[in-house]
Colleague: 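Handing you a structure now.
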Amino acid sequence: MLKSLLARLSGDRGQHAHAHALYGAVVAHARDPEFFAKHNVPDTFDGRFEMLVIHLFLIHERLKDEPKQARSISQNVFDLFIDDMDAALREAGVGDQTVPKRIAKMTQVFYGRTGAFGEALVSDDVQAALADAIERNLFADMEADGHQYGLAAYMKAQYEHLRALPWESVAKAGDPFLKYAQAA
């Protein structure tokens, strides 16, 4: 929350506005009912968190090698994610002293997932490697029943779509993602 406040006070309202719009798109796509209905993603805090991580990864992966302005927007999106998780934990009744520990754990999980997804993108069989990472993480406590393959195909399609767009279209357009039906 403090980082978001500092970003607003720093005078770069344009980047902050782009980050808000982009984070809104991340959240909207992560909450798409198709993931929960067609791919058996658990409709729980953890399942929704995993879908947020997937979509955040896609944005960060696209913007990581772009100019400073793009990377700054990407960082602001991540900061909004952390603020959102902080608020969600507090709303769920997690105590003030426990929230920072849970946020630290979520950040660690985020970086672990993004590392696995990043490795998958440079493997010989991207879709199979993504499916493996999804199965290990999203479906760690349940049978994937092949749903990891549909999610991997979705991720790969979104990744390729975002890579084909100019970075400005990703960082500043508000919602650069394909609709689920187009990406599935």
Colleague: Without swapping roles, check the side chain of Arg62 against the backbone of Leu165 for a donor-acceptor pair under 3.5 Å.
Modeller: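 Flag set: sc Arg62 to bb Leu165 pair under 3.5 Å.
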Colleague: Would you check if Leu151 and Met51 make a side-chain contact, meaning some heavy-atom pair closer than 4.5 Å?
Modeller: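 With C-beta onward as the side chain, the pair touches.
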Colleague: Report whether Leu178 and Met155 are members of the same hydrophobic cluster (ILVMFWY, side-chain heavy atoms less than 4.5 Å apart, transitive linking).
Modeller: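 Shared cluster, no.
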Colleague: Quick one, Tyr23 and Ile59 - any side-chain contact, counting heavy atoms below 4.5 Å?
Modeller: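 No, too far: nothing below the 4.5 Å cut-off.
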Colleague: Check whether any side-chain heavy atom of Met106 lies under 4.5 Å from a side-chain heavy atom of Leu89, and answer yes or no.
Modeller: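 The answer is yes, as the side chains (C-beta and beyond) meet within the 4.5 Å cut-off.
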Colleague: Mind checking the CZ-CG spacing from Phe139 to Asn40? Nearest 0.5 Å is all I need.
Modeller: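 Here the interatomic distance stands at 6.0 Å.
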Colleague: So, Glu34 and Lys38, do they make that salt bridge, N to O below 4.0 Å?
Modeller: yes
Colleague: OG1/Thr98 to NZ/Lys105 distance, rounded to the nearest 0.5 angstrom?
Modeller: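 That separation rounds to 15.0 Å.
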Colleague: Taking side chain as C-beta onward, heavy atoms only, is Leu22 less than 4.5 Å from Pro176?
Modeller: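 The answer is yes, as the side chains (C-beta and beyond) meet within the 4.5 Å cut-off.
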Colleague: Report yes or no: does Arg71 contribute a side-chain atom to a donor-acceptor pair with the main-chain N or O of Glu66 at less than 3.5 Å?
Modeller: yes
Colleague: Establish, from distance only, whether the side-chain atoms of His29 and Asp175 form a donor-acceptor pair under 3.5 Å.
Modeller: yes
Colleague: Within the structure provided, determine whether Thr44 and Phe49 are in side-chain contact (heavy-atom separation under 4.5 Å).
Modeller: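 No; the side chains remain at least 4.5 Å from each other.
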Colleague: Is the backbone N or O of Phe110 less than 3.5 Å from a side-chain atom of Thr114, with the two atoms forming a donor-acceptor pair by type?
Modeller: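 Yes, the answer is positive, given that a donor and an acceptor are paired below the 3.5 Å cut-off.
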Colleague: Any salt bridge between Asp96 and Arg90, counting N to O under 4.0 Å?
Modeller: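 So Asp96 pairs with Arg90 through a salt bridge.
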Colleague: Can a donor-acceptor pair be found, under 3.5 Å and without considering hydrogens, that links the side chain of Ser74 to the backbone of Ala70?
Modeller: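 No, Ser74 side chain to Ala70 backbone: no donor-acceptor pair under 3.5 Å.
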Colleague: Determine whether the aromatic ring centres of His60 and Phe81 lie less than 6.0 Å apart.
Modeller: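 Here the rings of Phe81 and His60 have centres that are no less than 6.0 Å from each other.
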Colleague: Could you check if a side-chain atom of Arg48 sits within less than 4.5 angstrom of a side-chain atom of Phe36, using non-hydrogen atoms only?
Modeller: yes
Colleague: Is the number of heavy atoms from other residues, nucleotides or ligands within 6.0 Å of CG (Asp141) greater than 12?
Modeller: no
Colleague: Please find out if less than 6.0 Å separates the ring center of Phe117 from that of Tyr159.
Modeller: no
Colleague: Applying the ring pair (Phe, Tyr, Trp, His ring centres under 6.0 Å) criterion to Tyr154, which one of Tyr149, Phe177, Phe35 satisfies it?
Modeller: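 So the option named by the test is Phe35.
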Colleague: Does Gln158 form a side-chain contact (heavy atoms from CB on, under 4.5 Å) with Ile54? I'd like the steps, not just the answer.
Modeller: CA-CA 10 Å; Gln158 288 288 12; Ile54 284 172; over 6 Å; no
Colleague: Heavy atoms, side chains only, cut-off 4.5 Å: are Gln69 and Gln15 in contact?
Modeller: yes
Colleague: State whether the number of non-hydrogen atoms from other residues, nucleotides or ligands found under 6.0 Å of Tyr180 atom OH is greater than 12.
Modeller: yes
Colleague: Decide yes or no for Met85 and Arg102: does some side-chain heavy atom of the first lie under 4.5 Å from some side-chain heavy atom of the second?
Modeller: no
Colleague: Whether the side chain of Gln148 engages the backbone of Asp132 through a donor-acceptor N/O pair (distance < 3.5 Å, no angle test) should be reported.
Modeller: no
